[in-house]
Amino acid sequence: MEGSLGQKHEHHEFTLVSISKLPSSTSTSSSSTSSTPVVARFGGESGAAELRFRQEADSDDLAFDLRTSQIFRLGSVQSVCISKDDASKEKSHSRGVTIQFRNEDESSAFHSAFDKRKEDDIAQGTHLPNGTISSLKSKFDDKIESSSAKMYFHYYGQLLHQQNMMQDYVRTGTYYAAVMENRADFTGRVVVDVGAGSGILSLFAAQAGAKHVYAVEASEMAEYARVLIAGNPALSQRITVIKGKVEDVELPEKADILISEPMGTLLVNERMLESYVIARDRFLHQNGKMFPTIGRIHMAPFSDEYLFVEVANKALFWQQQNYYGVDLTALYGSAFQGYFSQPVVDAFDSRLLVAPSISHVLDFTNIKEEELYDIDIPLKFVATVGARVHGLACWFDVLFNGSTVQRWLTTAPGAPTTHWYQLRCVLSQPLYVMAGQEITGRLHMVAHSAQSYTIHLTLSAKMWGPGAEQGGILQSSSCKLDLKEPYYRMSQPQAYPVVQDQQQHQLIPTQDLPIQPKDLEDADLMLHASPNSGAPLNSLI
């Protein structure tokens, strides 16, 4: 780091080994590299939030507006600075330079100065060309509580949690197979890994021949990803780890394919699907591919007396009338409802389902971000057995719609168990149904700022038997649940005895259901005859 001409500018001027201009998103010319040392200076005219590079005394400065610029490390002494051109109407990011430092200390000092200057300008607020004032607050920050985001990124910044996901071999193996079986989609292509975590999917993409992979990760796991990728030198030259949110970062070029693992419990928990869609709109070429391509939420009513009694009995503690001389019963009702407001996450026997499942499709290639804020699914089933309906069972699957192979990843009951398990919403007031009786209702999920959803479930049993066509609702039950606060039961499926009226209701084998064109065009409710999943088990490895 060079000393400045005056104390006022200390730590704001740096001598660099060289800079290399990246080709712009609209330029066909090759990049150019300076042959003489370059001076980088923060400031500019009237203290503007600028970073200027001067290669020679008589040359024009190369200026970057810090309001629209970001810097990323490519190595210990090399970084890239990217700036979005405000004057351009293109969504692509038009300018960038690769910076070569003299040593690692100067690289660290430069990054610190860049971050400090940008933070100071954000704190003061900056005037944009149209006269409005922006604090450069992230779109992510606008809709997510800071406390929730802090816990979220802390969780995924730890290696033990990454290991938990990587050791889900159904998950990881299916991703690997989907990429490798569709090398034609990756070879020579630019890939963006959205929420890269450990960088494992970026490494898969590079193995499949990707021209370059941008691994975007907002948590501290980005540093571990850099280490892991550097430990694979045959692939590392084609992978750049960028620490930041996809809502905020700038990339030097558009992507041909996005890859991500944005699925949470019930597919939508953690609200990462929204970031996946934002990345699509910001970075993906028109007609680019997305891995995964679509997701389906499957639902079916279930009967499980053991689970119902287990949940209900949790509140019995509050029925004590002499707990160290204190009567607790005044809180029993609230505790009872509280336990039934927790979705149950576990693996269950598919024979507990009392009707064939239906599914709701989310097409990631064309769904709008706002459509994920409020998901309203009408429910309609016909019971195949007489039973007490204790609630709604849910699971999901996703499709990797490759050019060569279409591969499903499923979390269905009866399929190999994943770390997502399945999810059940338990009613505090069960319904009684007979075989052939119609069950209707609604599953309404509303996103909230804690990166999850409030679930509103209603199930109703219509009149059954002679004269039913003239009757209405016989009984109805509702519940409100917080997807953020599940009960992690996570038991293995139990061997439930087959009761008399279930003997004819044998488990229907999972069938191969190749994706149909209408599945990608129509995200309406889909009905499936199978009470299991509708996803081919033989697509898993």
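Side-chain contact between N269 and Y453 is absent, with no heavy-atom pair separated by less than 4.5 Å. Using a 4.5 Å cut-off on side-chain heavy atoms (C-beta onward), R271 and S452 make no contact. Residues L392 and L443 form a side-chain contact, since some pair of their non-hydrogen atoms from C-beta on lies under 4.5 Å apart. No side-chain heavy atom of M180 sits under 4.5 Å from any side-chain heavy atom of F186. Looking at V190 and I257, their side chains never come closer than 4.5 Å, going by heavy atoms from C-beta outward. The closest side-chain heavy-atom distance from L459 to S477 is not below 4.5 Å. The shortest side-chain heavy-atom distance between V191 and I259 falls under the 4.5 Å cut-off. At a threshold of 4.5 Å between non-hydrogen side-chain atoms, the residues R280 and M290 count as touching.
Aromatic rings from Y332 and F317 are positioned such that their centres are separated by 6.0 Å or more.
F336 and F340 have tilted rings, their planes meeting at an angle from 30° to 60° on a 0 to 90° scale. Using a 30° and 60° split on the angle between ring planes, F153 and F140 fall in the tilted class, from 30° to 60°. In this structure, Y176 and F204 have perpendicular ring planes: the angle between them is above 60°, well past the 30° mark. Ring pair F364/Y276 is perpendicular by interplanar angle, where above 60° counts as perpendicular and below 30° as parallel.
A side-chain N or O of D185 and one of S403 form a donor-acceptor pair less than 3.5 Å apart. No donor-acceptor contact under 3.5 angstrom links the side chains of N164 and H419, judged on distance only. With hydrogens and angles left out, the side-chain atoms of T329 and Q320 include no donor and acceptor closer than 3.5 Å. Checked by atom type, the side-chain pair Y156/E270 shows a donor-acceptor distance below 3.5 Å. At a cut-off of 3.5 Å, with distance as the only test, no side-chain donor of Q162 or Y224 sits close to an acceptor on the other residue.
At a threshold of 4.0 Å, the pair K368-E371 does not count as salt-bridged, since none of the basic side-chain nitrogens sits closer than that to a carboxylate oxygen. Between D482 and K484, no side-chain nitrogen of the basic residue sits less than 4.0 Å from a carboxylate oxygen of the acidic one, so the salt-bridge criterion is not met. Using a 4.0 Å cut-off between charged nitrogen and carboxylate oxygen, D346 and R489 count as a salt-bridge pair. In this structure, E250 pairs ionically with R282, as a charged nitrogen and a carboxylate oxygen lie closer than 4.0 Å. Under the 4.0 Å criterion applied to side-chain N and carboxylate O atoms, K243 and E217 are not assigned as salt-bridge partners. In this structure, K143 pairs ionically with E369, as a charged nitrogen and a carboxylate oxygen lie closer than 4.0 Å.
Side-chain atoms of T172 come within 3.5 Å of backbone atoms of M166 as a donor-acceptor pair (strictly under, hydrogens ignored). Without hydrogens or angle criteria, S359 side chain to I297 main chain gives no donor-acceptor distance under 3.5 Å. A donor-acceptor contact shorter than 3.5 Å is absent between the side chain of Y175 and the backbone of L409.
When all heavy atoms of E181 and T404 are compared, the pair lying nearest together is O-CB, 3.4 Å. In plain terms, the two heavy atoms of N401 and K289 that are nearest each other are O-NZ, 3.2 Å. Across all their heavy atoms, W420 and T411 have their closest contact at CE3-CG2, 3.8 Å. Taking all atoms of both residues into account, the shortest heavy-atom contact from S275 to V194 is O-CG1, 4.3 Å. The two residues V179 and A208 make their nearest non-hydrogen contact at CG1-CB, 3.6 Å. Listed here is the closest heavy atom pair of S478 and L427: C-CD2, 4.1 Å.
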Legend entry - Evaluation steps, side-chain contact (heavy atoms from CB on, under 4.5 Å), between K480 and I455: CA-CA 6 Å; K480 178 181 177 182; I455 301 175; over 6 Å; no
Legend entry - Chi angles and distances behind the side-chain contact (heavy atoms from CB on, under 4.5 Å) call for K462, Q437: CA-CA 7 Å; K462 299 189 71 173; Q437 194 167 358; 5.6 Å; no
Legend entry - Worked verdict on I242 versus L251 for side-chain contact (heavy atoms from CB on, under 4.5 Å): CA-CA 9 Å; I242 299 175; L251 300 182; 3.2 Å; yes
Inset, instruction - Give the intermediate values and the outcome of side-chain contact (heavy atoms from CB on, under 4.5 Å) for residues R171 and T418. - result: CA-CA 7 Å; R171 164 198 179 268; T418 70; 5.7 Å; no
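Summarising the local packing, CD of E220 is surrounded by 12 or fewer heavy atoms from other residues, nucleotides or ligands at distances under 6.0 Å. Within a 6.0 Å sphere centred on CD of Q319, other residues, nucleotides and ligands contribute more than 12 heavy atoms.
Atoms CG and CG, on D141 and D248 in that order, are 6.5 Å from each other to the nearest 0.5 Å. Atom CG of L483 sits about 7.0 Å away from atom NE2 of H448, to the nearest 0.5 Å. Separation of atoms CG (N182) and OG1 (T187) is listed at 10.5 Å; rounding is to 0.5 Å. Rounding to the nearest 0.5 Å places CG of D304 at 7.5 Å from NE2 of H390. Rounding to the nearest 0.5 Å gives a distance of 12.5 Å between CD of E310 and CD of E305. Here the straight-line distance linking atom CD1 of I294 with atom CG of L399 works out to 5.0 Å at 0.5 Å rounding.
Annotation: cation-pi geometry satisfied between K314 and Y487 (NZ/CZ under 6.0 angstrom from ring centroid, within 45° of ring axis). For the pair R424 and W395, the NZ or CZ position fails the cation-pi test of under 6.0 Å to the six-membered ring centre and within 45 degrees of the ring normal.
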